[in-house]
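These notes concern the structure reproduced below.
Numbered from 1 within each chain, the chains take letters A, B, ... in sequence-line order.
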Number of protein chains: 2
Amino acid sequence: MILTVDLDNEVPIYQQLRDQVVEAIAVGELRPGSPLPATRALAADSGINFHTVNKAYDLLRREGLIRLNRKTGAVVTVPDPHPSFPADWAARAKTLLAEAVAKGMPTEELLATCRSVIDSFANNELEDNS
Amino acid sequence: MILTVDLDNEVPIYQQLRDQVVEAIAVGELRPGSPLPATRALAADSGINFHTVNKAYDLLRREGLIRLNRKTGAVVTVPDPHPSFPADWAARAKTLLAEAVAKGMPTEELLATCRSVIDSFANNELEDNS
DNA sequence: TCTTTGTTATATATGTTATACAACAAATAA
DNA sequence: TTATTTGTTGTATAACATATATAACAAAGA
């Protein structure tokens, strides 16, 4: 599990860490039961404050993606989706898709991009099973 | 052109306004040449400060979606996409799609949701032509 | 001239982000 | 038992983002 931060990026550090963990779960690099680095270790390796890592882990915990305790550290959980998640996600997807349409991207290209990204997740999952 | 704001929403007001304009352009409710409300008028109608409206309009201008001048006010422009836009957009789409996959949403449901949203844009465009 | 429009400037209040230092509690290893 | 490692919590500070308030300027049109 390799996590990196870009201090020059406008995206907050804790959000960068959160996004990388989410993508790692999506591609199957992290599965239910997989451990994440200890907050202090990750902070030292990344050259950032451990409170910032703490905030990223707390966000992931509130999203229901990881579990935290003193015994095992941070561990990926089995997904337990809220009933409202699909609708909430669709609303955010609408905003993102609208931006692309407003900027003149053809709708076929939008769907092709989404399909390509999703396929890249699935393909990585298969590779990890080998 | 009806714009509303939700002060209890965690999303910043200027971002809410920006998102609504983007969606209105995507569905064809706003087209190249369409005027937007004057900053002071919109601020008064929404009960917010006109500087906040100003910030939303400035963001839309920097995104290349509207044009601002003293004569005509804020006007929707013809989309002039940057060459890097599709790649940048794909990176953001990846983050959003990864979240849904990590939360256990089936990939077919993801694509179906995207397709449904895009279709809703296209359908509204046709309705506006009548 | 008067009004309307965008534009710019300054100031204030509140919330967010990130860091720093410190201490506590629980589990594990020596 | 002692020492270490882990997550957890607290306070403090600095920088930046968000939103409001008041004010003034410039350009176009009625």
Taking the side chain from [X] and the backbone from [Y], do they hold a donor-acceptor pair closer than 3.5 Å?
{"X": "A:E99", "Y": "B:V22", "result": "no"}
{"X": "A:E23", "Y": "B:K94", "result": "no"}
{"X": "B:S46", "Y": "B:A43", "result": "no"}

Touch class at under 4.0 angstrom, heavy-atom based, for A:Y14 against every strand present: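 Since only primed, P, OP1 and OP2 atoms lie under 4.0 Å of A:Y14, the category is sugar-phosphate.
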
Sugar-phosphate, base or nothing in reach of B:N69, heavy atoms under 4.0 Å: sugar-phosphate

Cationic N near anionic O, under 4.0 Å, B:D58 to B:K55: no

Residue mapping more 5' on DNA chain C - nearest nucleotide basis, A:V11 or B:T72: B:T72

Contacting residues from residues 37-47 of chain B, given that a heavy atom lies under 4.0 angstrom of DNA chain C: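 Of all residues in residues 37-47 of chain B, the ones placing a heavy atom under 4.0 Å from DNA chain C are B:A38, B:T39, B:R40.
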
More than 12 heavy atoms of other groups within 6.0 Å of A:K103 NZ: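 Yes.
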
Distance-only donor-acceptor test, A:H51 side-chain atoms vs D:dT9 base atoms, 3.5 Å: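 Such a pair exists between side chain and base.
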
Short side-chain donor-acceptor distance under 3.5 Å, B:N69 and B:T72: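 Yes, a side-chain donor-acceptor pair sits under 3.5 Å.
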
Nucleic acid footprint by protein, nucleotides 25-30 of chain C - heavy-atom cut-off 4.0 Å, B for base, S for sugar-phosphate alone: BSS---

